[in-house]
Asker: 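Following this message is one structure expressed as structure tokens.
All figures in this text were calculated on a predicted structure; none of them were measured in a lab. Residue numbers start from 1 in every chain, and the chains themselves are labelled A, B, ... in the order their sequence lines are given, proteins ahead of strands. Below, each value reflects all heavy atoms present in this structure, side chains not excepted, and no hydrogens, waters or symmetry copies.
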Amino acid sequence: MMVMVRAVKGTKDILPEEMPRWQLIESTARNIFATFGFEEIRTPLFEETELFHRGIGEATDVVSKEMYTFPDRSGNSLTLRPEMTASVVRATIEHRLELYRNPLRLFYIGPMFRYERPQKGRYRQFHQIGAEVIGSDHPAIEAEAIEMLLLLLERLQVRGSELVINSIGCPSCRPDFLNLLRNAVSEKLERFCADCRDRSSRNVLRVLDCKQETCQEPIESLPAISDHLCEGCRSHFLQFRSWLEKRRVPYQVRSRLVRGLDYYEKTTFEISNGLLGAQNALAGGGRYDGLSALLGGKPSKGFGFAMGMERLVLALPEEAVKESSSTPELCLVPLGEKALEVAAGVASKIRQAGKGCYLEYEARSLKAALRSADRIRARWALILGDNELQTGQWVLKDLTAQTQRLITETELLEACASGAGKTQILF
RNA sequence: GUGAGCGUAGCUCAGCUGGAUAGAGCACUGGAUUGUGGCUCCAGUGGUCGGGGGUUCGAAUCCCCUCGCUCACCCCA
């Protein structure tokens, strides 16, 4: 037997049944982002591998072991984007978008790719909605972006989200802190788990984020970054917090919050939600003032976030998705080949008038056709058999009211012409 | 990369410590109703029990390998 080809590991089909949830999320996001002055941008799904190496950082997990990297036919190394901030910043540099609006407010919706073991809420092809503000380092804009994100969640009736924030310092204070931290960890190395011992040399900050029971106590005694911020970072963070408070956004400071991408500095944040399982981060983001310069552009400060759409779908309550069927309400039921020809012509005219209808092709019997019309939830069935062909009087059956009446082609097309702008036919 | 759990009809699942032609509900098709749906009743289609090997008189059931899915670690959205 032929082996069935299936969707590759970590990818999945989003079937028509679940499409309303996705469409709701996308349209709500577009509407809300527009009210904040954000404009949509789409960048290619793949980029020069170099972009992510430079932007995200060689040492990160994403770059070192999670990228879909491949040579194209000319030998260039390309990579399916694992996130989109680097691409957006690349595009702003390439097209000088900072000349066009300052700050630049952009958002995006699209698929990302990371080679990881799939689990609940985590896929190899996953989708993000994200937003970036480029060209300003005002702390108020961070609070505004977070407010926008929370408003989206509220509008989608997603409950139980928590905002945690932190400042991870900047190039002028972080290196000193990292040394301090590294030394503190190595002093009591034996008290940390094997993973943390490994992390202490690879990426010390991560030690702060370890969830191992046994590591909690030694972590407590480690220096906190909040005590070692430079004056600029400290004041920026305080202002950011006060802007959140002015906007009445509840938050928690977690000095152990660490992000996985090297370009972040100063403000970082995460929104988690208990409905998601182990991968409980619904959205995350932060400031990336050095990224533009790193990618060869003019120094340009930025702040942004990304939200996982699959995770948002998991957290989306059923009542938020309203039944909104856009499928046709009229089903044409021809009985026999000759009737099919006539019906096909009528269907064309209906659609040219901007209305919709189903055309039943394989009506084995009237009974089967009506059953099928019922199943696709059509409101009316137009029956076209030998009798109707003869008389020119077709049978229009109201499947809900269980009534039927005769109608001519002319009357039908007149009904189609009425109700301008609506795709459903009004009888 | 590591660990655990699970693979029986399109879907959700029964199938007791190994026993004869592998079952149910839903879905699908047809009939009761020669051109009238949803409800009801009746009947039917559909499975190399994920794949391979082994133990046995006999394997969906036990053992080994393999593939797949799920969840968790790691990491993140």
Asker: Classify the ring geometry of F113(A) against Y68(A): parallel below 30°, tilted from 30° to 60°, perpendicular beyond 60°.
Answerer: perpendicular
Asker: Has the side chain of K397(A) got a donor or acceptor atom sitting under 3.5 Å from an opposite partner on the base of U36(B)?
Answerer: yes
Asker: Just how far, in rounded Å, is P of C76(B) from CE of M309(A)?
Answerer: 22 Å
Asker: What is the nucleic acid contact for L282(A), judged by heavy atoms within less than 4.0 Å: base, sugar-phosphate only, or nothing?
Answerer: sugar-phosphate
Asker: Could you tell me how far apart Y115(A) (OH) and C75(B) (C1') are, to the nearest whole angstrom?
Answerer: 15 Å
Asker: If you pin Y123(A) and V8(A) to their nearest nucleotides in RNA chain B, which one's is more 5'?
Answerer: V8(A)
Asker: Does any nucleotide pair with G37(B) by Watson-Crick or G-U wobble geometry, both distances under 3.5 Å, and what is it?
Answerer: none
Asker: Can you say whether a donor on the side chain of R117(A) sits under 3.5 Å from an acceptor on the base of U2(B), or the other way round?
Answerer: yes
Asker: Does NZ or CZ of R124(A) lie under 6.0 Å from the centre of the six-membered ring of Y115(A), at an angle within 45° of the ring axis?
Answerer: yes
Asker: Reckon R259(A) has a side-chain N or O less than 4.0 Å from the OP1 or OP2 of A77(B)?
Answerer: yes
Asker: What class does the angle between the rings of H228(A) and F177(A) fall in, given that below 30° is parallel, 30 to 60° is tilted and above 60° is perpendicular?
Answerer: tilted
Asker: CG of L276(A) versus C1' of A72(B): gap in Å, rounded?
Answerer: 15 Å
Asker: Give R122(A) one of three labels, base, sugar-phosphate or nothing, depending on what nucleic acid heavy atoms sit under 4.0 Å from its own.
Answerer: base
Asker: So does Q119(A) get a side-chain nitrogen or oxygen closer than 4.0 Å to the phosphate oxygens (OP1/OP2) of C71(B)?
Answerer: no
Asker: So does Q279(A) reach the base of C75(B) with its side chain, donor to acceptor, closer than 3.5 Å?
Answerer: yes
Asker: When the distance from CH2 of W380(A) to C1' of U36(B) is rounded to whole Å, what number comes out?
Answerer: 18 Å
Asker: The test is ring pair (Phe, Tyr, Trp, His ring centres under 6.0 Å); show your working for F107(A) and F38(A) and say whether it passes.
Answerer: CA-CA 6 Å; F107(A) 77 91; F38(A) 281 70; 7.5 Å; no
Asker: Whole angstrom is fine here: how far is it from CD in E66(A) over to C1' in G1(B)?
Answerer: 11 Å
Asker: Whole Å only: how far is the CZ atom of R371(A) from the P atom of A27(B)?
Answerer: 12 Å
Asker: In whole angstroms, how far is the P atom of A4(B) from the NZ atom of K120(A)?
Answerer: 22 Å
Asker: Rounded to the Å, how far apart are D61(A) CG and A77(B) P?
Answerer: 11 Å
